[in-house]
Amino acid sequence: MFRLERRARTRRALVVTAALAVVAACVFVCSMMLGSYLLGPVDVLRSVLGLSAEPSVDFIVRELRLPRAVTAVLVGLALGAAGSIFQRVLRNPLAAPDIIGISAGASSATVAGVVLFGAGGFGLSVASLAGALVTAAAVYLLAWRGGIADYRFILIGVGVAAMLESVTGYLVSRAEISDARAAMTWLVGSVGMAGEGEIIGLAIGCAVVIPVLMALSRRLGVLELGADGARGLGVRPQAETAVQLGCAVVLVALATAAAGPLAFVALMAGPIAGRLLGLAGDRVLPAALVGAIIVQTADVVAQHLLPYPISTGIVTGLTGAPYIAWLLIRNGSRTDSRTER
């Protein structure tokens, strides 16, 4: 009986992951079909694969649309995987990097790099990574009381995020007009701003860190048993937590450097993947694929389905705000029902 259930779960995980990959690939192709000059899917695929004989199509696809589409996929993969790790390690659906200060730390450091040092390209990735790591370390140390409690980590993270947003606002207010305009545009979040350096850094980060998280995620079930249960099974909970959160922070930092702080993507991707999977399989790759679908869809809506183009971050923010309100209401209802009992 146990073997049959295990096979059924494995089959469901494979089907869900494959379906999400197909959807992500379809949205990827569609995003390059749309624009002032419409293209067919065959033309797009031939150009991406280097098989097109039309220079005009190659210019439109490979030079204008492909970098944006690739950035959307990579940013979504990074944020989806990172959000899933944060939520499972801290055992709270609100434990997303854009809520607990990690994205705010990366944003403040990046804005400082733009405003104070005129950084760009690879320099922005370094600044974002440093800001995210320092912020994560500060929140971790401030939340440490002989261990990490999820609620304490989240509350301290929210406070740190508010402080860092004030720092970012101060930096923008003291900047030159051109730097302030660039910083404000970046802070809204858009996948169309990434340069070659940021895209390459993010691609390398996803290629290295996501497989590592997939390998480590087998121990997430042990961590979800609590510190005492994990120790009883031979896992060092604090070291394991630090490693997994550190990997997730790297993904968030690289994604933020490439596209700015896209709100709520990391928050939504993990729970959606969990609903699709049920009790089946690992959530890191499915959550990453859900994140890629969310970011690509948001960018298509932002660029092509509205009267005029807007930034990707506006669409993700408008989508995520009702979701977080629903999440808070649902959790509050559960708490009330438990209290009544």
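As the structure is a prediction and not an experimental result, all values here were calculated from the model.
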Undergrad: Only counting residues at least two apart or in another chain, list the ones meeting side chain to side chain contact (heavy atoms under 4.5 Å, CB included) with P41.
TA: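 Side chain to side chain contact (heavy atoms under 4.5 Å, CB included) check on P41 returns V29, M33.
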Undergrad: Atom CH2 of W144 and atom CZ of F153: how far apart are they, to the nearest 0.5 Å?
TA: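 Here the interatomic distance stands at 11.5 Å.
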Undergrad: Looking at every heavy atom in both V249 and A136, which two are closest together, and how far apart are they?
TA: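 Of all heavy-atom pairs spanning V249 and A136, the closest is CG2-CB, 3.7 Å.
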Undergrad: Where do P271 and L267 come nearest, in terms of heavy atoms and distance?
TA: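 Residues P271 and L267, closest heavy atoms: CD-O, 3.2 Å.
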Undergrad: Show your reasoning for whether side chain to side chain contact (heavy atoms under 4.5 Å, CB included) applies to L79 and L251.
TA: CA-CA 7 Å; L79 293 179; L251 290 178; over 6 Å; no
Undergrad: Let me check something: do F86 and V158 share a hydrophobic cluster, defined by ILVMFWY side-chain heavy atoms less than 4.5 Å apart, either directly or through other members?
TA: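 F86 and V158: one cluster.
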Undergrad: Please check if L254 and V284 belong to a single hydrophobic cluster, counting links between Ile, Leu, Val, Met, Phe, Trp and Tyr side chain heavy atoms closer than 4.5 Å.
TA: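 Result: yes, single cluster for both.
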Undergrad: Backbone N or O of A263 within a donor-acceptor pair of the T316 side chain at under 3.5 Å?
TA: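 Side chain of T316 to backbone of A263: a pair is present.
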Undergrad: Give the C-alpha distance, both sets of side-chain angles, the deciding distance and a yes or no for side chain to side chain contact (heavy atoms under 4.5 Å, CB included) between L276 and R12.
TA: CA-CA 9 Å; L276 295 174; R12 178 171 177 172; 5.8 Å; no
Undergrad: If I take atom CD1 from residue I154 and atom CD1 from residue I99, how far apart are they, to the nearest 0.5 angstrom?
TA: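 Answer rounded to 0.5 Å: 8.0 Å.
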Undergrad: Please give the remaining members of the hydrophobic cluster of V115, linking ILVMFWY side chains under 4.5 Å, ordered by chain and number.
TA: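 ILVMFWY cluster around V115 also holds V111, L116, F117, V167, L171, V172, M184, W186, L187, M193.
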Undergrad: Mind checking the CD1-OG1 spacing from I102 to T135? Nearest 0.5 Å is all I need.
TA: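 So the gap between those two atoms works out to 6.0 Å.
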Undergrad: Test side chain to side chain contact (heavy atoms under 4.5 Å, CB included) on L34 and Q303; report intermediate values, then the result.
TA: CA-CA 9 Å; L34 301 174; Q303 294 298 307; over 6 Å; no
Undergrad: Is the OH atom of Y323 crowded by more than 12 outside heavy atoms at less than 6.0 Å?
TA: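 Yes, enclosed.
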Undergrad: If you define the side chain from C-beta out and look only at heavy atoms, does anything of L285 sit under 4.5 Å from M214?
TA: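 They are in contact (side-chain heavy atoms under 4.5 Å apart), so the answer is yes.
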Undergrad: Any side-chain heavy atom of I100 within less than 4.5 Å of one from V160?
TA: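 I100 does not reach V160 side chain to side chain.
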Undergrad: Quick one about T168 and S107 (side-chain donor to acceptor, distance below 3.5 Å, no hydrogens or angles considered), yes or no?
TA: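 No pair is found: no donor N or O on one side chain lies under 3.5 Å from an acceptor on the other.
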Undergrad: Check whether I85 and V243 end up in the same hydrophobic cluster, where Ile, Leu, Val, Met, Phe, Trp and Tyr are linked by side-chain heavy atoms less than 4.5 Å apart.
TA: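 Each belongs to a different hydrophobic cluster.
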Undergrad: Of all the heavy-atom pairs spanning V252 and S103, show the shortest one and how long it is.
TA: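 What the structure gives for the nearest pair is CG1-OG, 3.7 Å.
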Undergrad: I272, V23: one ILVMFWY side-chain cluster at the under-4.5 Å cut-off?
TA: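 In one cluster: yes.
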Undergrad: Could you tell me if the side chain of H304 sits less than 4.5 Å from the side chain of D299, heavy atoms only?
TA: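 A side-chain contact is absent here, since even the closest heavy-atom pair is not under 4.5 Å.
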Undergrad: Who else is in the cluster with L49 when I, L, V, M, F, W and Y are joined by side-chain contacts under 4.5 Å?
TA: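 So far as hydrophobic clustering goes, L49 is joined with L51.
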Undergrad: Report the distance from atom OG of S31 to atom CZ of R65, rounding to the nearest 0.5 Å.
TA: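 Answer for the OG-CZ pair, S31 versus R65, is 9.0 Å.
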Undergrad: So do the side chains of S217 and L213 get within less than 4.5 Å of each other, counting heavy atoms only?
TA: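 With C-beta onward as the side chain, the pair stays apart.
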Undergrad: Is the shortest side-chain heavy-atom distance between T319 and M268 below 4.5 Å?
TA: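 Yes; the side chains approach each other to less than 4.5 Å.
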Undergrad: What do the steps show when you test R152 against L142 for side chain to side chain contact (heavy atoms under 4.5 Å, CB included), and what is the final call?
TA: CA-CA 9 Å; R152 188 165 57 236; L142 289 171; over 6 Å; no
Undergrad: If I take atom CZ from residue F59 and atom CG from residue L64, how far apart are they, to the nearest 0.5 angstrom?
TA: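 Reported value, rounded in 0.5 Å steps: 4.5 Å.
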Undergrad: What residue among V295, V75, D98 forms side-chain contact (heavy atoms from CB on, under 4.5 Å) with V265?
TA: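 Only one of V295, V75, D98 forms a side-chain contact (heavy atoms from CB on, under 4.5 Å) with V265, namely V295.
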Undergrad: Do you know which two heavy atoms are closest between G189 and S311, and how far apart they sit?
TA: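 The answer is O-CB, 3.4 Å.
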Undergrad: S84 and A287: which non-hydrogen atoms are nearest, and at how many Å?
TA: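 Closest approach of S84 to A287, heavy atoms only: CB-CB, 3.6 Å.
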Undergrad: To the nearest 0.5 Å, what is the distance between CD on E198 and OG on S128?
TA: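 Going from CD on E198 over to OG on S128, the span is 10.0 Å.
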Undergrad: What about L66 and I60, same hydrophobic cluster or not, with Ile/Leu/Val/Met/Phe/Trp/Tyr joined at side-chain heavy-atom distances under 4.5 Å?
TA: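 Looking at the clustering, I60 is in the same group as L66.
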Undergrad: Examine distances only and state if a side-chain atom of S47 and a backbone atom of V44 form a donor-acceptor pair shorter than 3.5 Å.
TA: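 Looks like no, no N/O pair under 3.5 Å.
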Undergrad: Closest approach of Q296 and A72, non-hydrogen atoms and distance?
TA: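 Heavy atoms of Q296 and A72 come nearest at CG-CB, 3.9 Å.
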